[in-house]
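Structure first, then comments.
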There are 2 protein chains.
Amino acid sequence: MVAATRTSTARAGLERDDVVQAALELVEEGGAEALTMRKLAAALGVTTTTIYWHVGHRDELVIAVIDRLARQLAQAPVVGRTPRDRVLSAARNIWTNALAHRNVTALASQVGATTLLELPLEVALVAEFEAAGVRGPAARDALRSVLMCIAGFLIGAWRPDDASPAPLRHGALWSTVEDPAIAPATVEAMAEPPDVERLFTLALVAIVDTYLPAAAHPETAP
Amino acid sequence: MVAATRTSTARAGLERDDVVQAALELVEEGGAEALTMRKLAAALGVTTTTIYWHVGHRDELVIAVIDRLARQLAQAPVVGRTPRDRVLSAARNIWTNALAHRNVTALASQVGATTLLELPLEVALVAEFEAAGVRGPAARDALRSVLMCIAGFLIGAWRPDDASPAPLRHGALWSTVEDPAIAPATVEAMAEPPDVERLFTLALVAIVDTYLPAAAHPETAP
DNA sequence: ACCTGAACACCGTTCAAGT
DNA sequence: ACCTGAACACCGTTCAAGT
């Protein structure tokens, strides 16, 4: 701890890094709404205004929290033999990372700082797109499409319906549907939760294959 | 708006529907955070507690707001000659509707009431999937995949980077990237905002084609 | 330089009371 | 039945002041 190097121990010995780290822990455990200036101060045994002295107002603190997690994250390895497999692996790393740190990821998404959190993983993905022959604006479109797809499936993955009030759940609302164009068996199937992990994989492959050169598609390869 | 300042303590002639309608207008104009019990009361020329008498606490009010917009929405027509085109049209109706009512859609997403808002459009989409030969659990997976894809691209569409603080934007962060595996031209391309509408269309087609029977795919059709 | 205490302008929510 | 006023427990943020 850096505080140990201090010779003058008259104060609380609090440093900006300690505050940010404590804030990160609050978010990881309790989500964005658990991060209040007052709770954070209490967790550090300090007054609310002390937080302001160290990190400024809440927006700056949030950015610092995201930045701190970004630096802590280990660079996940990209695996696979073919360029296509490696692209999928790099994309899946972003997905896995977001699932592992859902609360910070959700916070980053709220404040529009997603890129700050996952830039190294994005860079790794684009590098694989380059290796697969996708570059320039096409690489940007491919990256953005994959990122937005991940964002959407994340919502489905970490709000597994039972976070909603009972009468608002997908199954509950669909159970009231009567439509001559829809078979009863299909309506019934709507009540079951989907396998989000599997659906994500299918969607990811579909989108990636849209951007890869035709030669990389297994379906249309000679 | 029904605004009027009352001093007397007699009836305001307020009904639950008026409160919900005023709340809906607040959200449509100013987003979720514009909907506070106090602002709503002020807009109606009434005391905060009156809101509670009419609609209960905020969660119930939010649900009522979403429900009210859902009932107001005109049923968008599905167009197209082939089953595939009609599926894409029905899916695009959900996308278009969400863009048109972004604030309420975002609110619904926050509280897990998305289905409440767009159930009729979901039913229309599933009906087209049925007509295209996708039913039962496969129809559920197809619907869910399309919905999650829409959710992700919505984030990209209504947070067009300039909502983020300047140094956190995609382009700004990417401009610092130096990676031997990535061509400078590709890094430069990352600074330009993508055409989200176009990317959404490509992704939607890719996902829909994953679920449609092979005969419906133009690429693999005989 | 570091930290405290009081204060301000907001929130959601409840309760007793008025007509 | 409908509505008000006061109150409680929270927020983020600022300011003067203490060491």
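Proteins get letters first, then strands, A, B, ... in listed order; numbering begins at 1 in each.
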Could you grab the distance from atom [atom1] of [X] to atom [atom2] of [Y], nearest 0.5 Å is fine?
| X | Y | atom1 | atom2 | value |
| --- | --- | --- | --- | --- |
| B:Leu119 | A:Leu168 | CG | CG | 11.5 Å |
| A:Ser145 | A:Ile150 | OG | CD1 | 11.0 Å |
| B:Thr50 | B:Leu40 | OG1 | CG | 10.5 Å |

Is the side chain of B:Thr176 donor-acceptor paired with the backbone N or O of B:Ala172 at a distance under 3.5 Å, no angle test?
no
Donor-acceptor contact below 3.5 Å, side chain B:Thr105 vs main chain B:His101:
yes
Measure the shortest side-chain to side-chain distance between B:Trp95 and B:Leu154 over non-hydrogen atoms and say whether it is less than 4.5 angstrom.
yes
Counting C-beta onward and ignoring hydrogens, is there a side-chain heavy-atom pair between B:Leu107 and B:Asn103 closer than 4.5 Å?
no
In whole angstrom, what separates B:Trp53's CH2 from D:dG5's P?
18 Å
Between C1' on C:dC2 and NE2 on A:His54, what's the gap in Å once rounded to a whole number?
7 Å
Does DNA chain C take part in any stems of at least 3 consecutive Watson-Crick or G-U pairs (both distances under 3.5 Å), and if so, which ones?
C:4-8 with D:12-16, C:12-16 with D:4-8
Check the phosphate of C:dC2 against A:Thr50, side-chain N and O only, distance under 4.0 Å to OP1 or OP2. Yes or no?
no
Give me each pair satisfying salt bridge (Lys or Arg N to Asp or Glu O under 4.0 Å) with a member in residues 59-68 of chain B, each pair once, sequence neighbours excluded.
B:Asp17-B:Arg68, B:Asp67-B:Arg71
Which atoms of nucleotides 11-17 of chain C (N or O only) lie under 3.5 Å from a protein N or O atom, and what are those distances?
residue : atom : partner : partner atom : Å
C:dC11  : N4   : B:Arg38 : NH2          : 3.3
C:dG12  : OP1  : B:Met37 : N            : 3.3
C:dG12  : OP2  : B:Met37 : N            : 3.0
C:dG12  : N7   : B:Arg38 : NH1          : 2.4
C:dG12  : O6   : B:Arg38 : NH2          : 3.1
C:dT13  : OP2  : B:Tyr52 : OH           : 3.3
C:dT13  : OP2  : B:Arg58 : N            : 2.9

